[in-house]
Protein chains: 2
Amino acid sequence: MSKASERAYAEIRGLILSGDAPPGSSLTEEALADICGVSRTPVREALRRLEAELYVVRSDSQRLYVADWNSEDLAEMFTLRAMLEAHAAARAASRITPQAIDALRACNARIAAAIAGAEADVASFLAENRLFHEITIAAADSPRLATILAALVEQPVVRRTASRYNRTELARSAHEHAELIQAFAARDVEWARAVMTGHIRRAFHAFSAAAPVK
Amino acid sequence: MSKASERAYAEIRGLILSGDAPPGSSLTEEALADICGVSRTPVREALRRLEAELYVVRSDSQRLYVADWNSEDLAEMFTLRAMLEAHAAARAASRITPQAIDALRACNARIAAAIAGAEADVASFLAENRLFHEITIAAADSPRLATILAALVEQPVVRRTASRYNRTELARSAHEHAELIQAFAARDVEWARAVMTGHIRRAFHAFSAAAPVK
DNA sequence: CCAGCATAGTTTGTATACAATAGCGTCCAT
DNA sequence: ATGGACGCTATTGTATACAAACTATGCTGG
C-alpha cells in the first residue's frame, strides 16, 4: 500500500493501542488527518481497514469509535482465538519445516531470557510472544485462517494482556510454548491442538483473574 | 453506508458472483466506476470491502484481481466454515429464542417446497438456505463470529455450490436442517455442533464429488 | 414548561484534478 | 540478436472542494 495511507494506518492503530484514543472515543476523519499530516482520503482507507480488523466500530450512522470490549466480548474473542489457533497449531504440526521449528525454539529462548531478566522485560516478551504465534500461523500455511486470525490476535486488549500477567504466568506460557514445539517436532497433530487450546484458555483465565482493564 | 459506495459494492459483487468478472480477471477502478456510474472514490471503498471479504485479491503491486480459488483453497475454506459454523450452532443451541426457531422452521419449509417443485427451484433454495444460516448465526449472538463468517460464507464459489447438487443432496440438506432445529429446540449444544459439522462437511464432499468448477 | 420544528454547524460522502508509480514497449548500443 | 535503458501509458494514490446527512441547539407555539 502506498505511503500515506499506510502511515495513517500505523499512526491511528498506535493511538488505539497506546490508549491515547481510549475505547469508546470518537474518531473523526479530519482530526485524524491533522494528526497524521495527510488528507482525509488515506485516513478513510486506514479507518476502513481498522474497521475490518475490529479496532474501530461504526455507530448507527457512520460515525466511528474506538472499539470497546466488555467482558463478554473478551470471553468470546478468546474462545474464537482458542478455536482458530488450535486449528492453526494442528495444521502446523503436519506441515511445519525444520527451519520454522528452529525459529520457534530461538524465539522461545528469547522469551525465557526476557522473563528471567532482573525485572521481567514485558516489552520483549510481548514482541517475541507475538512473533511465536506468527511463525506458528505461517507454518499452518492457511492464508484465509491467517487473515482471520490477524484481526483477532492484534486487538488492543490482547496486546495489553501480558502486562497483567505475573512472572509465574509468563513462565508457564513459555513452558507451554516449549511443549508446543515438542508436539510440532513429533508431528503430533492432536497434541499440538490440545496444547494450543489449553494455552489460550489459560491465558484468558489468567487475564480474567487479574484486575479489570481499567 | 451511503448510497453510491453501497451500490458500487453490490454491482461489483454481482459481477463477480455472476461470472461476468471471472476469477483471475483484472479489476481497474476507472472501468468499474464507469460501469457503476459513480466516481472512483466509492469504487475504491467497495473494493476495499470486497478485498477484506476475500472476493478480490491484491497482486504484487496494488492491482486488484477477482479471487481465484484452487481446490486446496476450497478445502481450507470449507474446513474453516465447518469449524466456525459448528461453533455458531453450539452457541445458538444455548441462546436461541422460540421466535428464531419458528423462523428456522418456516425457512426450512420453504426450502422443502423449493426442492419438491417440478424442477427443483435452485434460486429459492439458495436464498432460503442462506437465510437459514444467517438466522442461526444471528442466534449465536456473537458479533465477532458473525463478522468472520460473513467473509467466508458468501464466497462466489460457495454461492454457486448449490447448483452442483442433485435433488437427493438438496433433500439431505433440508433433512439435516430439520435435525439442527431439533437440536436447538432440545437446547443440546453438542448435538447442534455435531449436526452442523457434518452438514458442512457433507456439503463439501458433495461439492467435490461433482464436476470441477470450470 | 414541554413538544416540535427549524436552522446552524459538524461530519461524512462523492467527485474531480493532479501526482506518483509501475508496466511495457521501443530503440539504441554492443 | 540481445541486453539495457529510456520514456510513454495505464493505473493507483492523494489532496481538495463541494454536497449531503446527521446533531444539536434554540426558538416558537401550544
Side-chain angles (χ1 to χ4, degrees), chain A residues 1-16 19-68 143 147 150-151, chain B residues 1-16 19-68 143 147 150-151:
Chain A
M1 193 159 319
S2 78
K3 220 154 47 182
S5 60
E6 196 63 35
R7 277 191 297 120
Y9 170 80
E11 179 81 26
I12 298 168
R13 187 163 159 279
L15 289 175
I16 296 172
D20 288 345
S25 63
S26 174
L27 298 173
T28 69
E29 294 174 0
E30 198 166 359
L32 293 171
D34 286 347
I35 291 170
C36 301
V38 297
S39 82
R40 276 178 52 212
T41 309
V43 167
R44 282 176 73 86
E45 303 261 315
L47 287 172
R48 291 307 255 237
R49 186 169 156 197
L50 290 164
E51 186 189 358
E53 292 171 359
L54 307 177
Y55 285 93
V56 305
V57 295
R58 275 187 127 65
S59 79
D60 47 351
S61 243
Q62 313 308 85
R63 267 199 178 82
L64 291 170
Y65 298 89
V66 177
D68 198 2
T147 301
Chain B
M1 195 160 317
S2 79
K3 218 153 49 181
S5 61
E6 196 63 34
R7 277 190 298 120
Y9 171 80
E11 178 82 26
I12 299 168
R13 189 163 158 277
L15 289 175
I16 295 172
D20 288 346
S25 63
S26 174
L27 297 172
T28 70
E29 295 174 357
E30 197 165 1
L32 293 171
D34 286 348
I35 292 170
C36 301
V38 297
S39 82
R40 276 177 51 212
T41 308
V43 167
R44 282 174 73 87
E45 303 263 316
L47 287 172
R48 291 306 254 238
R49 185 170 159 195
L50 290 164
E51 187 189 357
E53 292 172 359
L54 307 178
Y55 285 94
V56 305
V57 295
R58 273 185 130 66
S59 81
D60 46 350
S61 242
Q62 315 307 86
R63 271 202 175 78
L64 291 169
Y65 299 89
V66 177
D68 198 2
T147 301

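This is a predicted model, so every value here is computed, not measured. Each chain gets a letter, A, B and so on, in the order the sequences are listed, and its residues count up from 1. Note: hydrogens, waters and symmetry copies are ignored here, and every other heavy atom, side chains too, is used.
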When the distance from [atom1] of [X] to [atom2] of [N] is rounded to whole Å, what number comes out?
X: Leu64(B); N: dT12(D); atom1: CG; atom2: C1'; answer: 9 Å
X: Glu30(A); N: dA15(D); atom1: CD; atom2: P; answer: 13 Å
X: Glu45(B); N: dT12(D); atom1: CD; atom2: C1'; answer: 15 Å
X: Glu29(A); N: dT14(D); atom1: CD; atom2: P; answer: 15 Å

Separation between CZ (Arg13(B)) and CZ (Arg49(B)), nearest 0.5 Å, reads 8.0 Å
| NA contact type, Leu27(B), heavy-atom cut-off 4.0 Å: base, sugar-phosphate, or nothing? | sugar-phosphate
Does some side-chain heavy atom of [Y] sit less than 4.5 Å from a side-chain heavy atom of [X]?
X: Thr41(A); Y: Thr41(B); answer: no
X: Val66(A); Y: Leu15(A); answer: no
X: Leu50(A); Y: Leu64(A); answer: no

Distance test, side-chain N/O of Arg44(B) to OP1/OP2 of dG13(D), below 4.0 Å
yes
Gln62(B) side chain near dG13(D) phosphate (N/O to OP1/OP2, under 4.0 Å): yes
Sorted by number, residues from residues 34-43 of chain A placing a heavy atom under 4.0 Å from DNA chain C are Arg40(A)
Sorted by chain and residue number, the side chain to side chain contact (heavy atoms under 4.5 Å, CB included) partners of Val57(A) (sequence neighbours excluded) come out as Tyr65(A), Ala67(A)
Please assess Val56(B) against Ile12(B) for the test side-chain contact (heavy atoms from CB on, under 4.5 Å), listing each intermediate value before the final yes or no.
CA-CA 10 Å; Val56(B) 305; Ile12(B) 299 168; 5.6 Å; no
Sorted by chain and number, sequence neighbours left out, side chain to side chain donor-acceptor pair (under 3.5 Å) with Asp34(B) holds for none
What nitrogen or oxygen pairs link the protein and nucleotides 20-23 of chain C at under 3.5 Å?
from: dG23(C); atom 1: OP1; to: Asp60(B); atom 2: OD2; distance (Å): 3.4

For Glu29(B), the salt bridge (Lys or Arg N to Asp or Glu O under 4.0 Å) test, sequence neighbours excluded, returns Arg40(B), Arg44(B)
